[in-house]
Amino acid sequence: MHYVIVGNGVAGTTAALAIRKRHKPKHAKITLIGDESDYFFSRTALMYAYMDRLTRQDLEPFERKVYARQAIDLVRERVVDIDAASQTLALGSGKSLSYDKLLLATGAKPRMMPFQGVEKVKEGIVHFVSIQDLDECERLTWSTNQATVIGGGLIGVELAECFHHHKLDVTFLVREPYFWPMALGEEEGSLVSEHIRARGVDLRHDEQLEFMEADAQGRIASISTNQGNKLACQMLAVCIGVGADTAWLKQATSAPRIERGICVNRAFETSLANVYAAGDCAEIDMGSAGHRIETIWYSAKLHGELAAKSMMGDTITYEPPIFYNSSKFFEIEFTTVGEVINVPEGTHALYRKAPGKFITQRIAFDAQRVLGFNMLGSRWDHTVLMRWIAERRDIDYVREHLHEAQFDVEFGRAKLHQMEEKEVVS
Amino acid sequence: MRQKGTVGWLKHDVTNRGVTAWLLFGALLGFYLILYYGGREIAGWHVPDVLESAARLVHLPSKWTLYGLIYTLAVTGGGIYVIQKYRHNRYQIIRTLVVIFVQATFAFSLPWILAIFEQPEYYFSYLWPLKIDYFYPSNILAMPLPFVLYSLLGSLLMVPLLGIFYGKRWYCSWVCGCGGLANTAGEPFRHLTSKTSASWRFEKWSIHITLGLCLFTTALVVASFGVGDRYPQFTQAAVSVQSVYGFVVMSILSGIIGVALYPIGGTRVWCRNFCPMAAMLGLIQKFGRYRIRVKDDMCISCGMCTKYCEMGIDVRAYAQKNQDFVRASCVGCGLCAEVCPRGVLRLENRWHKDPQELTMATLLNEAYKG
Ligand SMILES: Cc1cc2nc3c(=O)[nH]c(=O)nc-3n(C[C@H](O)[C@H](O)[C@H](O)COP(=O)(O)OP(=O)(O)OC[C@H]3O[C@@H](n4cnc5c(N)ncnc54)[C@H](O)[C@@H]3O)c2cc1C
Ligand code: SF4
């Protein structure tokens with residue numbers, strides 16, 4: 001049996017290791033193909049490489065000899081075509097490769113918009129998703145005084161921090177009225193904005209890019225916004241989200257069904273026989289619950305694990321676990337569990353803030369139980385918070401036991417009893 | 001266009017094994033040679049005793065006092081830097097304050113004060129097996145009784161007990177001067193420690209061999225004292241073993257290699273690979289309460305914890321497998337927990353984990369029907 005995995009990101013690599021855990025090399029040949037880097041690296045740590053806290057090799061979660069030890073063949077190539085009838089792949093170098101089971105774990109690409117003037121810019125527009133993006137950012141930093149970041153999501157704020165670290169003058173355009181309304185309440189969102197501004201970043205809300213201009217060499221020179229401001233910049237970071245990279249698949253000899261991502265059922269099977277998809281590129285049909293695209297590390301890891309089982313013949317019915325995620329806005333750590341913002345109108349939430357410090361908690365609840373947590377500025381054990389949601393604990397119980405979920409360093413526990421508290425209705 | 005961008009530690013010459021790092025290594029090596037061998041001959045070369053003269057110049061009793069002063073200043077200065085760098089982390093602040101305090105008092109001013117009262121030179125912050133001579137009978141006989149009691153009870157009772165309850169860290173990163181210097185002035189070099197599995201294998205051998213040598217030497221010296229003059233050859237042998245141990249372990253490994261190698265091999269070369277105290281505490285720690293707890297399924301495999309571990313532990317390997325762990329070498333400096341951007345790690349002292357009826361793993365296992 002030849003398992004071929006396209007994409008050596010976390011989904012693909014996890015799948016490869018999961019297959020090897022069950023099948024010895026003589027029963028399963030595993031080929032892991034990736035076009036971006038020789039070895040699997042942690043995409044989530046790109047910012048630490050940019051800020052010079054980690055080298056390129058530090059980003060790799062496994063020692064390089066692991067692949068040889070696990071008999072996983074690494075191939076640095078781009079896959080350009082799939083022929084499902086003959087079960088073969090065509091590689092960029094012209095070679096072809098046959099498979100018995102194929103996993104597409106091709107991840108996501110940065111989204112781009114046809115901004116006015118973009119066609120004249122040859123240099124200076126960056127994204128921050130791949131190793132090549134990192135190379136480009138590093139190359140350009142030295143000749144940059146002012147940088148503009150557009151898009152108030154997680155990657156945008158990470159990149160703003162990197163630019164700030166390199167002492168560039170950073171303008172950060174976020175079209176929403178406060179930081180990240182998709183995930184944060186207005187109070188916390190505004191606090192994050194304040195915090196980012198206090199670090200010296202020129203964060204502007206309700207402001208969007210209208211058009212851009214290049215200098216004589218084609219390097220970006222300025223952007224103009226819908227507020228009529230013209231901002232000089234030598235780097236423009238476009239961080240307006242990511243989307244599955246499916247352009248090449250659509251033109252393949254046999255293309256699987258594609259909508260926003262590669263469509264799969266709850267067993268990670270695509271519309272093509274023996275072809276599976278997992279990670280950022282997968283769009284999972286959850287039946288009555290609609291289609292689902294999950295673009296976070298944890299789900300990619302879980303998808304990889306489950307898709308591997310599915311490929312090995314197990315019966316899999318994917319049921320997403322209670323949502324959780326974490327992030328960091330400059331120094332402020334953020335943990336979210338369950339649903340806090342995406343809740344029916346009229347849902348109550350307990351909002352707590354430490355006086356004079358950026359430590360907040362927001363706990364959404366209804367009459368029966370708590371629904372979700374948004375915790376900023378201190379550390380939390382999300383497994384405890386998840387358990388409370390799963391156990392359908394009510395808000396009184398959670399309020400009383402909240403300290404049990406704290407995860408701060410020794411001597412550094414946030415003082416929960418000193419927090420100001422109010423109830424808000426969404 | 002004005003040049004922008006900063007050069008971080010990983011690219012800076014001093015902290016990335018560049019030319020200046022090697023020069024610094026050479027300078028430190030020279031310093032320790034002169035310190036230990038000033039006024040003596042090595043291989044026919046008379047080492048100038050400049051440190052002794054320097055000490056006289058500033059009216060200090062000896063070069064050792066001068067060395068103590070420099071050491072204390074380095075720990076204090078580095079400590080202030082570390083406290084300001086990690087000012088949001090109370091574990092780091094308190095730990096560093098204790099390190100500075102212990103260095104300034106027990107390791108520096110107290111022996112000086114003792115000297116004023118015509119008491120023998122004694123360091124309360126050092127114990128056998130690190131300070132091997134505190135178990136040498138000749139030394140014991142020369143010390144006042146309270147000091148001897150402290151030495152014996154300290155090494156045989158206090159060290160193991162505290163090790164069981166708080167792990168190795170109470171000593172290695174709160175009290176010890178070697179660890180103290182590493183965690184203060186050594187801060188910019190902490191990432192240089194090798195993280196390879198090969199270095200791990202080396203450490204396992206080297207540190208336990210040194211512990212063995214230390215036990216052997218102590219036993220031999222005590223035995224030779226017991227047999228007294230009856231077997232002069234045995235006594236002779238014990239004396240030579242004692243001096244070889246003193247030369248190889250105490251001077252070369254702990255002083256010269258231990259500190260001079262900071263810019264090349266990272267801060268804890270001595271602590272990780274050779275210190276007999278660390279070896280003993282490490283074995284104790286494996287059976288004690290101390291552990292690093294890992295929050296399940298929260299690790300993003302970024303590698304910050306591994307990179308900044310000064311003991312060369314691949315923390316990420318445990319974190320990404322949801323594995324709580326304790327490694328014998330872990331000194332509990334807490335930097336992995338500090339640098340982790342997702343708050344995955346926590347140092348803890350407890351016999352058992354919280355009972356979790358519904359763990360993350362079961363939650364995930366219930367999430368699909370396989
Ligand atoms: C800067 C940044 C920070 C992030 N931080 C977080 C975070 O803090 N927490 C979190 O949960 N998530 C975070 N994410 C999201 C997370 O990194 C992704 O969800 C995760 O990496 C997805 O993994 P994947 O295996 O699906 O895809 P990827 O990691 O994208 O891997 C896919 C690989 O396949 C390769 N590939 C694609 N097409 C082909 C082809 N045709 N032939 C060969 N190879 C191909 C790609 O080049 C790529 O290397 C972050 C993402 C970015 C960009
Ligand atoms: S620093 Fe934290 S998130 Fe990064 S690898 Fe270590 S435990 Fe995982």
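Convention: sequence-line order gives letters A, B, ...; per-chain numbering from 1.
Under a cut-off of 6.0 angstrom, the local environment of CZ in B/F325 is crowded, with over 12 non-hydrogen atoms contributed by other residues, nucleotides or ligands. Crowding of B/K204 atom NZ: a count of heavy atoms from other residues, nucleotides or ligands under 6.0 Å not exceeding 12.
Using a 4.5 Å cut-off between heavy atoms, A/T335 contacts chain B through its side chain alone, with no backbone atom that close. Only the side chain of A/Y298 comes within contact range of chain B, with heavy atoms under 4.5 Å apart. In this structure, chain B has a heavy atom under 4.5 Å from the side chain of A/E138, while its backbone stays farther away. Using a 4.5 Å cut-off between heavy atoms, A/E410 contacts chain B through both its backbone and its side chain.
Below 4.5 Å, heavy atoms of chain A meet heavy atoms from B/R316, B/Q320, all part of residues 312-321 of chain B. The stretch residues 86-94 of chain B places B/N89, B/R90, B/Y91, B/I94 near chain A, each with some heavy atom under 4.5 Å from a heavy atom of that chain. For residues 328-347 of chain B, heavy-atom neighbours of chain A at less than 4.5 Å comprise B/A337, B/E338, B/C340, B/P341, B/R342, B/G343, B/V344, B/L345, B/R346, B/L347, sorted by residue number.
When each of A/E333, A/E63, A/M47 is scored by its heavy-atom pairs under 4.5 Å with chain B, the top score falls to A/E63.
Relative ring orientation between A/F62 and A/Y67 is described as perpendicular, the plane-to-plane angle rising above 60° on a 0-90° scale split at 30° and 60°. Taking the six-membered ring where the residue is Trp, A/H164 and A/F330 present perpendicular rings, their angle passing 60° and hence far from 30°. Taking the six-membered ring where the residue is Trp, A/W297 and A/F40 present parallel rings, their angle staying beneath 30° rather than reaching 60°.
Residues A/Y318 and A/H303 place their aromatic rings such that the two centres sit under 6.0 Å apart.
Partners of A/K301 according to the salt bridge (Lys or Arg N to Asp or Glu O under 4.0 Å) rule, which considers only residues two or more places apart in sequence or in another chain, do not exist here.
Remark: side-chain polar atoms of A/D408 are paired, donor with acceptor, to backbone N or O of A/A414 under 3.5 angstrom. Looking at B/R17, its side chain does come within 3.5 Å of a backbone N or O of B/L192 through a donor-acceptor pair. At distances below 3.5 Å, at least one donor-acceptor pair connects side-chain atoms of A/T44 with backbone N or O atoms of B/I300.
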